[in-house]
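Every heavy atom of this structure was used, including side-chain atoms; hydrogens, water molecules and symmetry mates were not.
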Amino acid sequence: MTENNEEGNNKKKLTVEFKKAEDFKQAYAIGAVGGHSPYDFRIGFYNDSQKGFGQKSDARVIERILETEVILSPMAAYELSRWLNQHIQEYENLFGPISSQHTQNTNENNKSDSSELQGYM
């Protein structure tokens, strides 16, 4: 990636090289949960697995495993939002709208949709 930065009549070329850290890892996630403070945004990515049924035969038990958490500055969160919006738009232009099938019952008392970004189950 190369950027040109102009200061007066002097043009400076900035090259950014990307390298993966030695302990780099990837994690697949079906959903995210998080929040923010005045200082940062925190997004935890999780996967679900069905453990079986609870005490009542009509109740499922899902184990939610938090795989990793990303902590971003407000500016980095804003840039991530712009990047995601751009790539979601490109994806939907190619493959059609992303379906938001929310099969899990939601708690009516929890009106905030920012605490849990639901994936599919």
Among the clusters formed by ILVMFWY side chains lying less than 4.5 Å apart, do [X] and [Y] turn up in the same one?
X   : Y   : value
L80 : I71 : no
L84 : V70 : yes
Y28 : L66 : yes

From I65 CD1 over to E67 CD, what is the distance, rounded to the nearest 0.5 angstrom? 6.0 Å
Atom pair OG (S73) and OH (Y39), whose distance is rounded to the nearest 0.5 Å: 14.5 Å
Taking all non-hydrogen atoms of both residues into account, name the closest pair between P74 and P38 and its distance. CG-O, 4.2 Å
Minimal heavy-atom distance between A32 and Y46, with the atoms involved, is N-CE2, 3.3 Å
Which pairs would a plain distance check flag for residues 85-95, meaning a side-chain donor or acceptor within less than 3.5 Å of a matching protein atom at least two apart in sequence or in another chain?
| from | atom 1 | to | atom 2 | distance (Å) |
| --- | --- | --- | --- | --- |
| N85 | ND2 | S81 | O | 3.2 |
| Q86 | NE2 | E90 | OE2 | 3.1 |
| H87 | NE2 | W83 | NE1 | 3.0 |
| E92 | OE2 | I98 | N | 3.0 |
| N93 | ND2 | Q89 | O | 3.3 |

Restricting to ring pair (Phe, Tyr, Trp, His ring centres under 6.0 Å), what partner residues turn up for F45, sequence neighbours left out? none
So which residues get pulled into Y78's cluster when ILVMFWY side chains under 4.5 Å apart are joined, directly or through others? M75
Sorted by chain and residue number, the salt bridge (charged side-chain N to carboxylate O under 4.0 Å, His left out) partners of E79 (sequence neighbours excluded) come out as R82
Among residues two or more places apart or on two chains, list those pairs meeting salt bridge (Lys or Arg N to Asp or Glu O under 4.0 Å) that have a residue in residues 29-40. D40-R42
Residue set satisfying side-chain hydrogen bond (donor to acceptor under 3.5 Å, both in side chains) with E63, at least two apart, ordered chain then number -> none
More than 12 foreign heavy atoms under 6.0 Å from CZ of F24: is that the case here? yes
